[in-house]
Amino acid sequence: MLRSLVGSEMCIRDRVASFTVELAQMDETLLLFDKRLQEIDRAIEVAVEEYNRSRDDGQDEDAIEARLSQKMKLERAVKQVEESKVAFKENLRELQGDVQTATKKSSFFDQK
């Protein structure tokens with residue numbers, strides 16, 4: 001029986017270590033999401049500024065429509081990234097719960 005407890009404890013510790021690595025990788029991915037969102041936000045700002053300038057300069061309708069189309073594509077991309085980020089954060093929370101559960105089980109075996 002002692003061998004099975006030691007084996008179970010080692011398995012739990014390995015899972016905790018694996019979860020910790022995954023959490024660190026997810027944190028890095030969240031930072032990349034944030035950076036990409038900032039880049040997209042800036043691109044949208046530039047597109048709006050260009051649109052406003054072109055409207056003031058009296059540029060032709062085709063150029064204005066092209067810029068508006070580009071702006072709408074960028075806004076859709078932002079929405080997709082934000083939705084992915086939300087789903088990613090939900091997965092991260094679940095994984096953090098798994099780590100806490102595994103840690104509790106590991107500490108239970110440490111006490112024996």
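Worth saying up front: this structure is predicted, and the values here are computed from it rather than measured.
Under a hydrophobic-cluster definition in which Ile, Leu, Val, Met, Phe, Trp and Tyr are linked whenever side-chain heavy atoms come within less than 4.5 Å, directly or via other members, I40 and V86 are assigned to different clusters. Hydrophobic clustering (ILVMFWY, side-chain heavy atoms < 4.5 Å, transitive): M26 and L30 are in one cluster.
Side chains of R42 and E39 form no contact here, defined as non-hydrogen atoms less than 4.5 Å apart.
Here CZ of R36 is found 10.5 Å from CG of D41. Values are rounded to the nearest 0.5 Å.
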Compile the donor-acceptor pairs under 3.5 Å between side chains in residues 68-83 and protein atoms, sequence neighbours left out, one pair per line.
unit_1 : atom_1 : unit_2 : atom_2 : d
K71    : NZ     : E75    : OE2    : 2.8

